[in-house]
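Beneath this line is the structure, given in C-alpha cells, with notes to follow.
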Amino acid sequence: MRPRKIAIAAAALAASALALSACAPSAPPAASTATAGSQTLTVATTTDVVNYNPLVGNSRSDYWITNLMYPHLLSIANDGSKEPQLATKWGYVNDTTGYYEIRDDLKWSDGQPLTAEDVAWTMNAVKKDKPSGTFYGQLVNLDTAKAVSKTRVEFTLTQPDSSIVEEIGFWGNIVPKHIFEKADSVATFPNDGKDGGWVSAGPYVLSKVQVGQSYTLDRVADYPLVKGGTPLSAKVVYRVFPDINTEILALQSGEVDVIANALPPAQVAKLKSTTGVSVEEAVGLGYAHMTYNMNNPDLAKVEVRQALAHAVDYNAIRKVVLQGQAVSTGSSPLMPVLKNYYDPSIKEYAFDTDESRSLMQKAGYAAGSDGMFPVKFRLIYSLQDSVTSQWATLVKDSAAKAGIAIELQGTERNTYLAMTNKGDFDIYAGNFAIMDDPVTNMTLAYLPGGAINYSYVDDAKLNDLIAQGTATTDKDKKVKLMREAAKIVRDNVYDNIMYTQNLYFAHSSKWTGFVSKPSELLSIVNPVSLASAHPTGK
C-alpha cells in the first residue's frame, strides 16, 4: 500500500467521553503434555519476503514471518472482537485520550525488556515517517503517544475516534526502539538483518534467508504467551513453492508439515479424506472483490461501473469456483459475520447482461457490428491466488456477453501488489483478508487518500457518514451510519464485493496443537499456533 496523506472530513466532537474498555489477559492455549523439543516445523508458502520491516510489509509472507518476531498489542476473535496479546487492558481515558496497559514479562531476544516506551515510540515513529501500509492508515487521528509508566501508554487524538484503540492495537506491530531508532526513517528502514541480525519479542527469530528457497527462524526460549513459556519446536522453516498445488504435493510427501496458504475450495473435500493430512477451518473476516479505477475516464462513469457489476455471474462463481463454500454479502462491505452491522436489505447486483448493455448505452457508448462496445479494461490479479485466477476468467467471459472487453493480466503476487499500489490497473481483483471494523475499513477503503482506496473514490456524502461514524460512541447510531454508507458504496459500485467465505488450511496429521484464528493472515500460522504445535507423539 502506498504512503498517502489521509484526508478526513472534520467530525463533530462526541457528546460524551468514550466508555472504558478493559480486558483481562487471555489464557494460554489448552494444557498440553508436550514439551519443547528439537524438532523443526516446516511451513509452505508461495511468495518470498519483500519487506522485513513489519511497519512496511504487505505481502502475506512478510506478515507471516515478521509476526513471529514483532508482537501486536491485540489479537482477534472469530467475530472480529479483540483479545489481549501484548496489551492486557485498553480503552479511553476520555474522548480524545486512549491507553494500553501491557504485559511486564516480555523481552526482546537480545535481552532488552519490552516496555511501554517501545509501544509509544513505534506509534509516534509511524505517524511521523508515514510508512506505506495499514498501520499508518489507522493513525490518521493520532496526535502523540507517551509512555506514562513501564507498562502504560497513553495517546492523544486530534479528534474523537471510537475505533482507533482496537484497530491500531490489532494491526500495528510493535518494534524495538533501541534497534529501529538508529534508522533515519522507519518508512525506509530495510531491517534486513545486515546490522547484526534480527531482534524478536515473539516465539521465533529469523536466522537464515535463502531467497527463492527458504526462511529459517530459531526458537526464542522465553515466550510467556504459550503454555510452559517456551515454543515447542526448535525451528520454523518457511519454504517457498511456485503454487498451491506444489505445496499440496509437498505436504502429502512429508516434505512440509503445514501449508500457510488457504486451500482451493476444490481441494478441501479431497484433502479431508486424505490419509496423513488434517484440515482446519478458519473463520473468514474478509471478502473477495473487484474495484474499478475511477482515474480511468470510462470507469469514472457510474453507469459503466454498474454495467460491469451486472455483467458478473456471482452465483456461478460461488457454485463452480468456490464449490458452494462462499456466501453473498449483498454486494455490501458489511458482511453477514458482522451481525450487528449486516443489512439484509442491501441486495446483490443481479447478473443481467441486457441491463449491462442498457447502462453502457445510457453512458453514451454504442456497440459495433460485433456487439462489442468501444472500451477495453485491464484486470489485474495474483497468479498465486488460484481462486481469483479462476473467477477472473468467468468475469471476462460474462462481460464479453455484455459487450465489454476485459483483458486479464495475472502476475506474480509481489508484482501484483506493486501494480495495485501504483494504481496500474483498470480493474483490481483480489481479497481483503480482515475487514473487522466497518468504520475503520471504510476510512481506509473509501475516503480520499485512504491506504486501500483502490477505486479513488471521493464522495462528499460518503465522507461525511464515515466521519460521523468515526466520532460517535453511540453503537446504534454507528450501525445506522455505516449501513447508509454501505448502500452508497453498493449503489455507486465504489466496490464490487463478490463473496465472503470461511477458509481451510491443511497440515500433516503427525502434528497437532495448532490454534486457528480468522483469515489467511492468521489462520494456523499465527505466532501462538506455531509456538504451540508439536508432533502428535509428544
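Using a 4.0 Å cut-off between charged side-chain N and carboxylate O, K517 and E280 make no salt bridge. For K487 and D343, the salt-bridge test fails: no basic side-chain N is under 4.0 Å from an acidic carboxylate O.
With D243 contributing its side chain and N245 its backbone, the two residues share a donor-acceptor pair below 3.5 Å. Between the D464 side chain and the A460 main chain, no donor and acceptor come within less than 3.5 Å of each other. Using a distance-only test at 3.5 Å, with no hydrogens or angles considered, no donor-acceptor pair links the side chain of T329 to the main chain of M335. Looking at E412, its side chain does come within 3.5 Å of a backbone N or O of N414 through a donor-acceptor pair. With T472 contributing its side chain and G469 its backbone, the two residues share no donor-acceptor pair below 3.5 Å. The main-chain N or O of F189 is found under 3.5 Å from a side-chain atom of N53 such that the two form a donor-acceptor pair. Listed for the H310 side chain is a donor-acceptor partner under 3.5 Å among the backbone atoms of A350. A distance-only check finds no donor-acceptor pair linking the side chain of R378 to the backbone of L408 [under 3.5 Å]. For the pair S278 (side chain) and S508 (backbone), a donor-acceptor distance under 3.5 Å is absent. Looking only at distances, a side-chain donor or acceptor of D62 sits under 3.5 Å from a matching main-chain atom of N51.
Contact check for M435 versus P333: no side-chain heavy atoms found under the 4.5 Å cut-off. A heavy-atom distance below 4.5 Å is not found between the side chains of V186 and V175. Using a 4.5 Å cut-off on side-chain heavy atoms (C-beta onward), Q267 and Y504 make no contact. Y204 has its side chain out of reach of I65: every pair of non-hydrogen atoms, C-beta onward, lies at least 4.5 Å apart. Looking at Q325 and N502, their side chains never come closer than 4.5 Å, going by heavy atoms from C-beta outward. By the 4.5 Å heavy-atom criterion applied to side chains, I380 and T420 are counted as neighbours. Looking at R60 and T45, their side chains never come closer than 4.5 Å, going by heavy atoms from C-beta outward. Annotation: side chain of L263 is not in contact with side chain of L503 (no heavy-atom distance under 4.5 Å).
The two residues T353 and S398 come nearest to each other via the heavy atoms CG2-O, 3.9 Å. The minimum heavy-atom distance linking M419 with T411 is given by the pair SD-CG2, 4.0 Å. The minimum heavy-atom distance linking P131 with V56 is given by the pair CB-CG2, 3.9 Å. Closest approach of P527 and L68 over heavy atoms only: CA-CD2, 3.7 Å. A pairwise comparison of heavy atoms in Y494 and D459 identifies OH-OD2, 2.7 Å as the closest pair. In terms of heavy atoms, F135 sits closest to L139 at O-CG, 3.5 Å.
Within the structure, the salt bridge (charged side-chain N to carboxylate O under 4.0 Å, His left out) test picks out the following pairs touching residues 425-446 (sequence neighbours left out): K82-D436. For residues 331-340, no pair satisfies side chain to side chain donor-acceptor pair (under 3.5 Å), with sequence neighbours left out.
Between the CD1 atom of I168 and the OG1 atom of T134 there is a distance of 13.0 Å, given to the nearest 0.5 Å. For the atom pair CD of E247 and OG1 of T46, the computed distance is 5.5 Å after rounding to the nearest 0.5 Å. The CG atom of D129 sits 12.0 Å away from atom OG of S132, with the distance rounded to the nearest 0.5 Å. One distance of note links CG of L251 with OG1 of T42; it measures 11.0 Å at 0.5 Å rounding. K401 contributes atom NZ, which lies 11.5 Å from atom CZ of R357 (distance to the nearest 0.5 angstrom). Taken from CG in L55 to NZ in K130, the straight-line distance is 14.5 Å, to the nearest 0.5 Å.
Taking the salt bridge (charged side-chain N to carboxylate O under 4.0 Å, His left out) definition, one finds that E303 meets it with nothing, sequence neighbours left out. Residues passing the salt bridge (charged side-chain N to carboxylate O under 4.0 Å, His left out) test with R239 are E255, sequence neighbours excluded. For R318, the salt bridge (charged side-chain N to carboxylate O under 4.0 Å, His left out) partners two or more places apart in sequence, or in a different chain, are E348. Among residues two or more places apart in sequence or in another chain, the ring pair (Phe, Tyr, Trp, His ring centres under 6.0 Å) test is passed with Y416 by Y428.
Side-chain atoms of Y456 and N293 form no donor-acceptor pair, as typed in the model, at a separation below 3.5 Å. Between the side chains of Y499 and W391, at least one donor N or O sits under 3.5 Å from an acceptor N or O. Residues D385 and N431 bring a donor and an acceptor atom of their side chains to less than 3.5 Å of each other. A donor-acceptor pair shorter than 3.5 Å can be found between the side chains of S61 and T47. Side-chain atoms of Y446 and D458 form no donor-acceptor pair, as typed in the model, at a separation below 3.5 Å. Looking at E167 and S163, their side chains never bring a donor and an acceptor atom within 3.5 Å of each other. There is a side-chain donor-acceptor pair under 3.5 Å between Y365 and K301. A side-chain N or O of H72 and one of N173 form a donor-acceptor pair less than 3.5 Å apart. A side-chain donor-acceptor contact under 3.5 Å links D161 and N141. Side-chain contact annotation: Y70 with N191, donor-acceptor N/O pair under 3.5 Å present.
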**Study point:** Test log, rule side chain to side chain contact (heavy atoms under 4.5 Å, CB included), inputs D257 and K510
**Key:** CA-CA 8 Å; D257 305 305; K510 295 179 180 179; over 6 Å; no

**Study point:** Stepwise ring pair (Phe, Tyr, Trp, His ring centres under 6.0 Å) test for F432 and H289
**Key:** CA-CA 8 Å; F432 284 160; H289 65 140; 4.3 Å; yes

Practice item. Would you sort out whether I497 and M290 count as a side chain to side chain contact (heavy atoms under 4.5 Å, CB included), showing the intermediate values? Key: CA-CA 7 Å; I497 292 92; M290 290 188 289; over 6 Å; no

**Study point:** Step-by-step side chain to side chain contact (heavy atoms under 4.5 Å, CB included) determination, L522 to I434
**Key:** CA-CA 10 Å; L522 298 173; I434 300 177; 4.1 Å; yes

Point to revise | Derivation and outcome, side chain to side chain contact (heavy atoms under 4.5 Å, CB included), residues M482 and V439 | key: CA-CA 7 Å; M482 292 304 97; V439 173; 3.7 Å; yes

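A perpendicular orientation is assigned to the rings of F425 and Y454, their planes being inclined by more than 60° (bins at 30° and 60°). Taking the six-membered ring where tryptophan is involved, the planes of Y349 and Y314 are tilted, since the angle between them lies from 30° to 60°.
Aromatic ring centres of F514 and H507 lie closer together than 6.0 Å.
Remark: K480 NZ is loosely packed, at most 12 non-hydrogen atoms of other residues, nucleotides or ligands lying under 6.0 Å away.
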